[in-house]
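Below you'll find the structure, written out as structure tokens, and then a few comments.
This chain uses plain numbering: 1 for the first residue, then up along the sequence.
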Amino acid sequence: MRLSNRVAVITGAARGIGKKTAEAFVGARADVVVADLDAEAGQETANQLKKDGVRVTFIKVDVADTLSAKAMIEKTIEKFGKIDVLVNNAGLTADGFLIKMDEAQWDQVIAVNLKGTFNCARFAADAMVKAGSGVILNATSIVGRYGNIGQTNYAATKFGVIGLTKSWAKELGPQGIRVNAVAPGFTKTEMISSVPEKILDSIIKKTPLRRLGEAEDIAKAYLFLASDEASFINGEVLSVDGGLVL
């Protein structure tokens, strides 16, 4: 019952970490909006999560598009009457070494990971300020704290998300809104499915807990930060990486 009577919007919730986060929030009795660009997978996830006493709905959104992000928040408020939690989870990669990365790769990742986070938070925060409370949770990454070879664009967005988080925590805190970020380490999702096994084995050996993260590990971090148990945590970046960077 940790999120009972709360309304949460989770972007990129059709699969992976976003889906597991939606599952965790539903388990904590929150009403959940599964928001994703993939309508078929998003609707399927929403159908799977529906249970007695909890409302779950799917809203199609392109977070990189300002009007689409605005419409998502408006539809949420129209259906549920409010928005208590926004989890800015949607993101993508388009990796490449600096000298080989083209403008399209750069623009695509910036548009979704950075501008998309701004778009969704902008409209959610407006509603939260009017209500006098709310929680915004942003997805950064271990790469957003320490960089990574071949991920110039991704690292730039995740560094940027940390800056957004810190700025919004200062700006919105006096309005009763907490803003925090979660920085996953290497986690078993589709996003790392193309990473060679040899490299993953090397990462596991460097991680004190000797394993990759599970999507559930990240979801539980979001659940904690969304709950009243984290009511005095604001502007933080919670690393969930098994101690990889110690």
Practice item. Report yes if some heavy atom in the side chain of N113 is under 4.5 Å from a heavy atom in the side chain of V161; otherwise report no. Key: no
Exercise for review: Test I59 against M72 for side-chain contact (heavy atoms from CB on, under 4.5 Å), laying out the working first.
Suggested key: CA-CA 7 Å; I59 296 178; M72 175 188 68; 4.1 Å; yes
**Study point:** Qualifying residue for side chain to side chain contact (heavy atoms under 4.5 Å, CB included) with Y222, from V85, T21, L238, N180
**Key:** T21
Review point. Do any N or O atoms from the side chain of S167 and from the backbone of L164 form a donor-acceptor pair under 3.5 angstrom?
Key: no
Check your understanding: Where the side chain of K188 meets the backbone of E214, is there a donor-acceptor pair that is under 3.5 Å apart?
Key -> no
Practice item. Kindly say whether V245 contributes a backbone atom to a donor-acceptor pair with the side chain of R145 at under 3.5 angstrom? Key: no
Review point. So, does T45 use its side chain to make a donor-acceptor pair with the main chain of A14 at under 3.5 Å?
Key: yes
Check your understanding: Can you check whether K51 reaches R29 side chain to side chain, under 4.5 Å on heavy atoms?
Key -> yes
Check your understanding: With side chains defined as the heavy atoms from C-beta onward, is the minimum distance between I149 and F97 less than 4.5 Å?
Key -> yes
Exercise for review: Output every pair passing salt bridge (charged side-chain N to carboxylate O under 4.0 Å, His left out) with a member in residues 215-228, not counting sequence neighbours, ordered by first then second residue.
Suggested key: R6-D228, K20-E216, R211-D217
**Study point:** Non-hydrogen side-chain atoms of F186 and D241 separated by less than 4.5 Å
**Key:** no
**Study point:** Student check: side-chain heavy atoms of V182 and V87 closer than 4.5 Å
**Key:** no
Exercise for review: Keeping the roles fixed (side chain from T11, backbone from A90), state whether a donor-acceptor pair exists under 3.5 Å.
Suggested key: yes
Check your understanding: Quick one: are V7 and D31 in side-chain contact, heavy atoms under 4.5 Å?
Key -> yes
Check your understanding: Can you get from V61 to V9 by hopping between Ile, Leu, Val, Met, Phe, Trp and Tyr side chains that sit under 4.5 Å apart?
Key -> yes
Review point. If only atom types and distance count, is the side chain of T207 paired as donor or acceptor with the main-chain N or O of K205 below 3.5 Å?
Key: no
Check your understanding: Strictly by modelled atom types, are T117 and N138 linked by a side-chain donor-acceptor pair under 3.5 Å?
Key -> no
Point to revise | Taking every non-hydrogen atom, the tightest pair across V34 and G42 | key: CG1-O, 3.7 Å
Check your understanding: More than 12 foreign heavy atoms under 6.0 Å from CG of D102: is that the case here?
Key -> yes
Point to revise | Exam field: side chain N88 to backbone A139, donor-acceptor pair closer than 3.5 Å | key: no
Review point. Any sub-3.5 Å donor-acceptor pair from D95's side-chain atoms to Q151's backbone N or O?
Key: no
Review point. Quick one: are F58 and E44 in side-chain contact, heavy atoms under 4.5 Å?
Key: no
Check your understanding: With a 4.0 Å cut-off, would you call R15 and D38 a salt bridge?
Key -> yes
Donor-acceptor pairs are to be reported for all side-chain atoms of residues 122-135 against protein atoms at under 3.5 Å, with residues two or more places apart or in another chain.
from, atom 1, to, atom 2, distance (Å)
D126, OD2, K130, NZ, 3.3

Practice item. Would you indicate whether K60, at its atom NZ, is surrounded by more than 12 heavy atoms from other residues, nucleotides or ligands within a distance under 6.0 Å? Key: no
Check your understanding: What do the steps show when you test K19 against Q48 for side-chain contact (heavy atoms from CB on, under 4.5 Å), and what is the final call?
Key -> CA-CA 10 Å; K19 181 176 182 179; Q48 291 171 355; 3.0 Å; yes
Practice item. Take F159 and T140 through the side-chain contact (heavy atoms from CB on, under 4.5 Å) test and state the conclusion after the steps. Key: CA-CA 7 Å; F159 270 99; T140 181; over 6 Å; no
Review point. Hey, is the main chain of V109 close enough, under 3.5 Å, to the side chain of N153 for a donor-acceptor pair?
Key: no
